[in-house]
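Following: one structure in structure tokens, then a few remarks.
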Amino acid sequence: MNTHPMKLVTIVCEAHARDAVTKLLRDAGAHGWTLFAVEGDGSQGKRPADIPEFANVQIEVIVKPEVAEHLLERLGTEFFPRYGMIAFESDVRVIRAAKF
Amino acid sequence: MNTHPMKLVTIVCEAHARDAVTKLLRDAGAHGWTLFAVEGDGSQGKRPADIPEFANVQIEVIVKPEVAEHLLERLGTEFFPRYGMIAFESDVRVIRAAKF
Amino acid sequence: MNTHPMKLVTIVCEAHARDAVTKLLRDAGAHGWTLFAVEGDGSQGKRPADIPEFANVQIEVIVKPEVAEHLLERLGTEFFPRYGMIAFESDVRVIRAAKF
Amino acid sequence: MEIFDAVRANLLSPAVLFFALGLIAALTKSDLKFPESLYTALTIYLLVAIGFKGGVAINDAGLAKVWLPALAAMTLGALIPLWTYPLLRFGGKFPAVDAAAIAAHYGSVSAVTFIAATNYLKAVNQPYENYATAFLAVMESPAILVGVVLGKLATSKSGAPDMISLKAAVHEALFGRSIFLLVGALIVGFLCGQPGMDKVEPFFVTPFQGVLALFLLEMGLVAGRRLEDLKKVGPFLLAFGVVMPLLHGCLGVWFGQLTGLSLGGATLLGVLAASASYIAAPAAIRMSLPDANPTYYLTASLAITFPFNIALGIPIYFAVARRLYS
Amino acid sequence: MEIFDAVRANLLSPAVLFFALGLIAALTKSDLKFPESLYTALTIYLLVAIGFKGGVAINDAGLAKVWLPALAAMTLGALIPLWTYPLLRFGGKFPAVDAAAIAAHYGSVSAVTFIAATNYLKAVNQPYENYATAFLAVMESPAILVGVVLGKLATSKSGAPDMISLKAAVHEALFGRSIFLLVGALIVGFLCGQPGMDKVEPFFVTPFQGVLALFLLEMGLVAGRRLEDLKKVGPFLLAFGVVMPLLHGCLGVWFGQLTGLSLGGATLLGVLAASASYIAAPAAIRMSLPDANPTYYLTASLAITFPFNIALGIPIYFAVARRLYS
Amino acid sequence: MEIFDAVRANLLSPAVLFFALGLIAALTKSDLKFPESLYTALTIYLLVAIGFKGGVAINDAGLAKVWLPALAAMTLGALIPLWTYPLLRFGGKFPAVDAAAIAAHYGSVSAVTFIAATNYLKAVNQPYENYATAFLAVMESPAILVGVVLGKLATSKSGAPDMISLKAAVHEALFGRSIFLLVGALIVGFLCGQPGMDKVEPFFVTPFQGVLALFLLEMGLVAGRRLEDLKKVGPFLLAFGVVMPLLHGCLGVWFGQLTGLSLGGATLLGVLAASASYIAAPAAIRMSLPDANPTYYLTASLAITFPFNIALGIPIYFAVARRLYS
Ligand SMILES: Nc1ncnc2c1ncn2[C@@H]1O[C@H](COP(=O)(O)O)[C@@H](O)[C@H]1O
Ligand SMILES: Nc1ncnc2c1ncn2[C@@H]1O[C@H](COP(=O)(O)O)[C@@H](O)[C@H]1O
Ligand SMILES: Nc1ncnc2c1ncn2[C@@H]1O[C@H](COP(=O)(O)O)[C@@H](O)[C@H]1O
Ligand code: NA
Ligand code: NA
Ligand code: NA
């Protein structure tokens with residue numbers, strides 16, 4: 001099976017930012033995303049996920065390198081000032097590159 | 001602590017494919033796996049995870065490079081035609097290589 | 001957006017080890033962590049997460065390389081003998097390096 | 001005109017109105033969402049409660065009364081795929097494996113539709129055999145097995161033996177969670193009888209209708225989220241999802257009369273025949289016929305037939321039964 | 001001294017004691033935790049139950065009786081931000097967007113506080129208009145919209161149009177889960193009337209008080225975990241979170257009397273005015289005023305005003321009403 | 001032969017039959033699974049309900065009646081590890097830390113076993129002291145602390161101080177979720193008394209037996225999944241898990257009689273002594289004795305002793321008590 005290099009962008013942010021982020025993903029050109037609820041701790045304090053107001057989601061999206069670049073760009077400028085969140089990218093190799 | 005290079009294979013697929021995939025992991029020679037429920041969106045449409053029929057699972061498995069190769073091979077040929085799913089591999093460094 | 005190299009340390013361990021591990025993270029100098037419940041299978045047998053006694057958590061922490069080194073060191077010596085768990089590190093690039 | 005009144009009475013029940021509310025929530029993109037674990041919890045409660053109640057009823061009535069109509073119900077379930085399959089295959093031009101999968105769903109049954117029907121009969125003060133749950137229990141699996149066999153015959157060449165083993169299908173059809181819960185609770189109820197019922201009645205019976213109303217709110221949400229898939233399935237399946245239930249409903253009522261059921265019991269058998277499975281069948285089919293496209297069978301049973309039966313089907317089958325029994 | 005007795009009666013109720021127990025669990029760092037899905041399930045149950053009950057009550061009483069006090073309630077909710085905003089902005093020196101966000105929360109209402117108040121009135125055998133739930137339903141959104149508009153006017157320059165669209169705010173304020181459930185169940189109850197109630201009463205009414213007690217245990221945990229944030233918000237907001245409810249409570253009681261409500265009904269309107277939203281408002285504000293700092297409005301409504309109302313506010317507003325009506 | 005009848009009556013109760021159903025589901029590899037949050041929700045409900053009920057009962061009976069048998073129960077719980085530890089250490093050749101861990105579990109108690117026993121006594125119309133819940137509450141912690149101390153003395157050299165601090169053990173043993181809920185609800189019930197009970201009875205009391213039946217279905221699943229671990233623990237622990245309960249059961253009944261409990265109350269004290277903890281103890285032990293192997297103590301308490309007590313133990317201890325009191 002020959003694999004193809006892609007970028008995995010991972011975002012952890014408060015649950016209330018969910019729709020704004022997924023909308024951004026679509027705009028940036030992602031063809032899909034994976035999301036799940038997480039707890040966390042960080043500079044903005046604990047997120048025990050006991051109620052939606054204090055819940056986090058982790059969003060994982062596989063995109064082409066240039067899309068990742070653009071995505072992180074916008075996350076840093078538009079979202080970081082507003083939401084408690086982190087974002088990072090890493091290198092992965094996918095099968096069926098056509099999907100991404 | 002000296003770490004040892006391994007492959008992390010990540011699979012996101014519909015919940016109903018769960019048993020088939022974990023069986024494949026065992027056959028391919030994985031010594032364990034980690035699994036959790038996720039929501040998602042992709043070419044096959046939204047997976048809101050409101051009922052098991054529309055739920056996804058993310059399966060993470062750490063294996064030796066050759067096993068990863070073989071795993072992705074079979075996923076691509078046997079599973080991708082049938083199930084809504086993605087799969088990708090990445091490089092990790094583990095402690096206690098003996099476990100994998 | 002210029003990104004900064006960091007280490008992502010991922011730990012999968014039994015739920016009862018949760019507090020001990022997060023305490024370790026703080027001691028080791030992590031500024032935050034992300035955590036979620038997972039199922040799993042491994043050398044210590046299945047973890048179906050049907051009751052807390054048989055549940056796993058996956059803990060993800062982004063730290064500077066030297067912190068990662070120290071973290072894995074202590075995990076290997078203090079935790080691995082006691083708890084069913086795995087731990088591995090991988091390379092990521094973050095935005096807002098200051099957070100970590 | 002009695003059908004009209006029957007429908008009206010149904011549409012103004014809390015259960016149906018909450019179902020409509022769920023549909024509206026989905027269509028208006030409200031962020032209302034039931035956690036999956038709540039959906040699962042409510043499903044477990046409903047299946048255990050209805051199963052237990054049925055078991056106690058069989059214990060009261062005695063197996064002698066139950067076996068004949070139960071056999072009829074089972075046969076009907078097993079037969080339905082035999083005409084729905086060719087109809088879908090040649091009439092609807094569906095691939096063989098998809099035709100088989102859809103046929104399995106329509107031969108099998110929907111427990112929630114059945115439960116809604118029992119509540120409807122209660123509301124219109126129409127007595128029925130409490131052991132009718134037994135028919136629900138025996139109708140769930142046979143059609144699934146028939147459907148899987150039909151599908152296998154059509155896809156016998158293709159690879160990946162580990163997934164397409166008939167064994168898996170049989171196991172899933174007999175030990176899948178919904179069937180297991182229903183049959184298991186039925187047996188438990190049968191063994192306990194009335195003394196057992198006295199203990200658990202305040203939990204499994206008294207609040208039952210309210211729980212159903214809440215569950216139908218969730219089902220409205222679930223079905224509403226699938227409505228956009230209607231475009232994908234084409235006009236044939238749309239018509240199929242409404243016409244076949246009407247046909248099977250009448251057939252079921254008639255079977256009920258033949259096997260000596262009361263007016264209420266015959267209505268329930270009609271509802272069962274008309275209903276399409278969306279829990280047991282999808283799970284079993286996905287595992288044993290992975291090449292079948294879930295969009296077809298899930299949309300048909302969940303977004304077309306289920307809402308139709310809840311809103312219109314149930315009172316219609318009841319009116320049909322009234323006609324037949326008068 | 002009647003206020004004292006009123007408070008005492010309240011503090012010894014299971015609901016309040018379980019709330020205290022939750023606070024203690026959080027403060028003693030017990031590992032007790034409710035799964036989020038349980039919290040959501042209980043919220044859904046409480047909102048649907050109270051909404052349905054209210055709808056049936058409106059059906060009984062007739063809209064003619066309800067519209068005037070409902071209009072008054074709505075107006076009151078919409079007005080509150082108009083004085084809380086400047087007070088926070090200039091008195092509290094809060095950034096405009098934060099002042100607007102907090103104002104929205106205090107103009108809106110807390111369903112759980114309302115429910116606790118109805119239970120309190122039951123406990124002291126004080127009759128009240130069952131359709132008072134209608135006031136809860138109409139008071140939730142207006143203040144949120146007013147608050148968002150105030151916030152927009154202050155932050156009109158800043159970028160990211162996709163998030164700061166007023167449209168999103170309106171949609172969230174009208175179709176957000178808590179409002180949708182409450183209003184939806186209200187309408188369902190109104191359409192069903194008493195016959196529908198008879199079916200679901202054993203689930204939505206009989207166990208209601210017990211469920212509330214369990215839910216308040218969880219709310220105690222939630223509020224307790226936020227207590228450490230009190231340091232972050234400063235003395236002004238602390239005082240604001242206690243003084244404004246007292247003020248709004250009296251105002252609400254007075255509005256109630258003006259619009260011809262009974263002593264019980266006026267008390268409930270007082271409780272609504274005094275309560276601050278912590279479900280509907282936070283969700284809507286976070287989406288439409290993302291620049292507002294959640295620590296301020298969540299701590300104020302959840303860690304200050306909510307516990308104050310549950311423990312002391314409710315009986316105080318009742319005593320005030322008694323004074324006014326005697 | 002009375003033991004036989006007592007057992008038979010027990011085996012045909014819904015609770016036990018649903019437990020068996022769960023076991024079967026696990027053994028037949030059915031995909032039936034309760035979400036963990038449902039398990040947690042049911043646990044919370046059962047602990048709060050039983051605790052609250054007990055507290056109200058203490059309020060009725062007065063502390064004067066309760067303290068002596070409660071003290072006896074506490075002492076018994078604290079003593080049990082003192083003979084089970086050496087037995088496991090030298091008889092069973094277990095490592096010291098494992099022996100201490102298992103001893104802690106058998107000195108502590110299982111709330112669900114206790115609840116099942118109260119239901120059994122209700123079923124056979126055997127009155128008992130409602131405040132017996134107090135014994136459950138005071139027996140949970142002492143043995144855990146004793147076990148931890150025993151374990152520490154044996155592993156005092158080994159490293160990682162942060163985890164093996166006794167302080168953590170004490171905190172977990174006193175504020176762990178199950179103990180906190182039980183004791184907390186007990187105190188709340190004690191403070192409310194009967195007036196409080198009247199409010200929440202329809203939720204915490206009326207449906208209780210049904211909820212227990214559903215919960216035991218889940219417990220059957222959980223225990224069933226552990227059965228394969230029986231191979232790992234060896235014949236000694238297998239025998240230990242059956243013989244010690246019988247021994248402790250008789251001891252408990254005898255303590256009950258000595259401290260003036262009724263036949264029913266003595267049976268419950270026997271059940272408590274015979275039961276092994278699988279919620280409080282595992283959590284506390286895992287944190288304070290991390291070197292102990294969970295497979296041993298979890299398999300013993302969950303897969304051996306719990307099913308034994310539910311199916312056979314309870315009626316046996318009752319029969320023993322009947323013998324003793326006749
Ligand atoms: N160093 C870190 N490693 C992993 N996750 C983190 C880290 N810092 C923050 N997070 C996650 O990001 C969320 C928001 O971070 P913050 O804005 O720093 O509060 C936290 O609740 C965590 O879930
Ligand atoms: N680009 C992507 N990034 C992350 N996850 C994806 C992506 N595409 C698909 N997925 C996940 O894979 C599942 C199946 O994908 P698909 O077969 O394209 O519908 C989706 O429901 C998502 O959870
Ligand atoms: N090869 C693997 N790949 C992914 N996760 C694993 C692997 N091995 C173990 N795990 C996870 O680590 C947990 C503890 O592993 P173990 O101590 O081997 O039982 C398991 O329950 C899994 O969740
Ligand atoms: Na059918
Ligand atoms: Na208000
Ligand atoms: Na014991």
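Here is how names work: the chains are called A, B, and so on, in the same order as the sequence lines, proteins then strands, and each is numbered from 1.
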What's the verdict on side-chain contact (heavy atoms from CB on, under 4.5 Å) for D:Thr40 and F:Leu38, showing C-alpha distance, side-chain angles and the deciding distance?
CA-CA 9 Å; D:Thr40 309; F:Leu38 176 55; over 6 Å; no
Taking all atoms of both residues into account, what is the closest heavy-atom pair of D:His171 and F:Lys29, and its distance?
CE1-O, 3.2 Å
Quick check: are there more than 12 heavy atoms from other residues, nucleotides or ligands sitting under 6.0 Å from CE of D:Met74?
no
Step by step, would you call F:Thr206 with D:Phe203 a side-chain contact (heavy atoms from CB on, under 4.5 Å)?
CA-CA 8 Å; F:Thr206 321; D:Phe203 178 62; over 6 Å; no
D:Val200 and F:Gly210: which non-hydrogen atoms are nearest, and at how many Å?
CG1-CA, 3.8 Å
Using non-hydrogen atoms and a 4.5 Å limit, figure out which bit of D:Tyr45 sits close to chain F: side chain, backbone, both or neither.
neither
Spacing of D:Ile187 atom CD1 and F:Leu21 atom CG [to the nearest 0.5 Å]
8.0 Å
Pairwise distance CD1(D:Ile179) to OG(F:Ser30) - rounded to 0.5 angstrom:
9.5 Å
F:Asp31 side chain to D:Gly176 backbone, donor-acceptor under 3.5 Å
no
With side-chain contact (heavy atoms from CB on, under 4.5 Å) as the criterion, how do F:Thr28 and D:Phe180 come out once you've worked through the C-alpha distance, each side chain's angles and the decisive distance to 0.1 Å?
CA-CA 10 Å; F:Thr28 55; D:Phe180 187 92; 3.9 Å; yes
Shortest non-hydrogen contact from F:Leu12 toward D:Cys192
O-SG, 3.7 Å
Could you tell me whether the side chain of F:Pro35 reaches within less than 4.5 Å of the side chain of D:Glu36, counting heavy atoms only?
no
Rounded to the nearest 0.5 Å, how far apart are CD1 of D:Ile44 and NZ of F:Lys33?
11.0 Å
Quick one: do F:Leu217 and D:Val188 satisfy side-chain contact (heavy atoms from CB on, under 4.5 Å)? Show the steps, please.
CA-CA 11 Å; F:Leu217 170 56; D:Val188 169; over 6 Å; no
Count the heavy atoms belonging to other residues, nucleotides or ligands that lie under 6.0 Å from NZ of F:Lys122, then report whether that count exceeds 12.
yes
Chain D contact via F:Ala213 - side chain, backbone, both or neither, heavy atoms under 4.5 Å
side chain
At what distance, to the nearest 0.5 angstrom, does CG of F:Leu11 lie from CG of D:Leu191?
11.0 Å
Using heavy-atom distances under 4.5 Å, tell me whether D:Ala49 contacts chain F through its side chain, its backbone, both, or neither.
neither
So CZ of D:Phe175 and CD1 of F:Ile24: to nearest 0.5 Å the spacing works out to 9.5 Å
Against chain F, label D:Glu172 side chain, backbone, both or neither, depending on which of its atoms sit under 4.5 Å from a heavy atom there.
side chain
